[in-house]
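Only one structure is covered here, and it is reproduced in the block below.
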Amino acid sequence: MTGKALVLLACAAALAGCGPSPRHQAELAAAAQPFLTAPLIRADLPARKARAVLRPVGQNGTVSTWQTLDRITLSFDDGILVASRGLGDDLMGADAAPTRAALAGQAEGVYRRKLRYLTGDNHSTWLTAGCVMRALGVENGLRRFEESCRARDHAFTNVFELDSAGRVAKSRQWLSPALGYVDIGPFNLGETEAMPGRSG
């Protein structure tokens, strides 16, 4: 990759941002061509009004890890978010099996999900949520499901859209109390902005 390409891609991911003008979109499109042989996903973090593109950087069994240019990572177990790193207030770990079973129609009623976070003094704390899965029908060829969960003082609702093979094609999933939700979907070239990490 040329130095110019690296500069352009870094510019798209830097905190200062390079406004999404038509010229910058065209330059980013040209610079990103070498990356388009690999699958790419888009992540939106509404709480920080940020968007980033991630590429796959690791696979461990059913868990795939995706990374932004500034090394923020999201990990998914068969499409279910199980970890994040580099954002601050990260999701340190989560059990995906109950959600997978519910999406496959193998769980009825309330089931438990466990999510792990770090306290201010770097100790692990687990948040256990009671969840219910509800099918919402088919939209744009994708089957939509809504997972409603309650845990301690928190309530959150994840949305999954599955393709005909049962794979999670798009989703909105809860990261943490501080970060809120992350929206995951296909990468559309020219729509990238920065996903800010931990400040300081």
Side-chain angles (χ1 to χ4, degrees), residues 1 5-18 28 31-32 34-100 113-120 122-127 129 147 149 156 158-161 167-189 191-200:
M1 177 183 297
L6 283 171
V7 169
L8 290 171
L9 285 171
C11 193
L15 289 178
C18 299
L28 179 60
F35 287 89
L36 297 183
T37 55
L40 301 173
I41 60 172
R42 166 190 51 77
D44 290 286
L45 201 59
R48 294 188 179 174
K49 298 180 180 178
R51 169 173 291 183
V53 174
L54 298 89
R55 62 185 182 89
V57 293
Q59 186 78 32
N60 183 9
T62 57
V63 178
S64 58
T65 298
W66 301 69
Q67 186 180 74
T68 67
L69 285 169
D70 49 353
R71 299 185 182 279
I72 293 170
T73 63
L74 299 175
S75 297
F76 302 88
D77 189 342
D78 280 340
I80 299 160
L81 183 65
V82 294
S84 69
R85 296 292 187 273
L87 288 167
D89 301 299
D90 283 301
L91 173 63
M92 304 306 294
D95 182 6
T99 299
R100 283 204 313 265
R113 288 201 65 191
K114 296 182 69 176
L115 303 94
R116 184 168 65 90
Y117 301 97
L118 288 181
T119 63
N122 280 333
H123 287 93
S124 289
T125 181
W126 288 92
L127 188 151
E147 181 184 53
C149 301
F156 55 94
N158 297 323
V159 177
F160 301 93
E161 299 186 34
R167 295 179 295 249
V168 178
K170 298 171 64 178
S171 66
R172 162 169 276 208
Q173 302 187 54
W174 197 64
L175 261 172
S176 69
L179 294 171
Y181 294 93
V182 60
D183 297 320
I184 306 296
F187 169 58
N188 294 315
L189 200 61
E191 297 182 3
T192 61
E193 293 180 7
M195 179 177 284
R198 185 191 300 271
S199 60

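Predicted model only: the values in this text are computed from it and were never measured.
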Check your understanding: Which distance, rounded to the nearest 0.5 Å, do you find between the CZ of Phe76 and the OG of Ser64?
Key -> 7.0 Å
**Study point:** Residues Arg100, Asp78; criterion side-chain contact (heavy atoms from CB on, under 4.5 Å); working and verdict
**Key:** CA-CA 8 Å; Arg100 283 204 313 265; Asp78 280 340; 3.4 Å; yes
Exercise for review: Say whether Gln59 and Thr65, considering side chains only, have a donor N or O and an acceptor N or O under 3.5 Å apart.
Suggested key: no
Point to revise | Residue pair Ala94 / Leu81: nearest heavy atoms and the distance that separates them | key: CB-O, 4.1 Å
Exercise for review: With sequence neighbours excluded, tell me which residues meet ring-ring contact (aromatic ring centres under 6.0 Å, His included) with Tyr117.
Suggested key: none
Exercise for review: For the residue pair Ser124 and Arg116, confirm or rule out a side-chain donor-acceptor distance under 3.5 Å.
Suggested key: yes
Review point. Can you check whether Pro46's main-chain N or O pairs, donor with acceptor, with Asp44's side chain at less than 3.5 Å?
Key: no
Review point. Could you give the distance from CD (Gln173) to CZ (Phe160), rounded to the nearest 0.5 Å?
Key: 4.0 Å
Practice item. Quick one: pull up CD1 in Ile80 and CG in Asn158 and give me the separation to the nearest 0.5 Å. Key: 9.5 Å
Review point. Under 4.5 Å between any side-chain heavy atoms of Pro56 and Pro39, yes or no?
Key: yes
Review point. Could you state the interatomic distance from CG (Leu87) to CG (Leu74), rounded to the nearest 0.5 Å?
Key: 6.5 Å
Practice item. Assess the side chains of Trp174 and Ser176: does a donor N or O sit below 3.5 Å from an acceptor N or O? Key: no
Review point. Side chain to side chain donor-acceptor pair (under 3.5 Å) with Glu161: which residues, sequence neighbours excluded?
Key: Arg144
Study note, to complete from the structure: One should read off an interatomic distance between Gln67 CD and Ile72 CD1, to the nearest 0.5 angstrom, of 9.5 Å
Review point. Does the side chain of Asp77 come under 3.5 Å of the side chain of Thr62 through a donor N or O and an acceptor N or O?
Key: yes
Study note, to complete from the structure: Interatomic distance, OG@Ser84 vs CG@Leu179, rounded to 0.5 Å, equals 6.5 Å
Exercise for review: Just do the side-chain contact (heavy atoms from CB on, under 4.5 Å) check on Ile41 and Trp66 with the steps written out, would you?
Suggested key: CA-CA 8 Å; Ile41 60 172; Trp66 301 69; 3.7 Å; yes
Point to revise | Leu91 and Val82, any side-chain heavy atoms less than 4.5 Å apart | key: no
**Study point:** Verdict with reasoning, Glu147 to Arg113, per side-chain contact (heavy atoms from CB on, under 4.5 Å)
**Key:** CA-CA 11 Å; Glu147 181 184 53; Arg113 288 201 65 191; 3.2 Å; yes
Review point. Is the backbone N or O of Leu118 less than 3.5 Å from a side-chain atom of Asn122, with the two atoms forming a donor-acceptor pair by type?
Key: no
Review point. If you measure from the Lys or Arg side-chain nitrogens to the Asp or Glu carboxylate oxygens, is any gap between Arg172 and Asp183 under 4.0 Å?
Key: yes
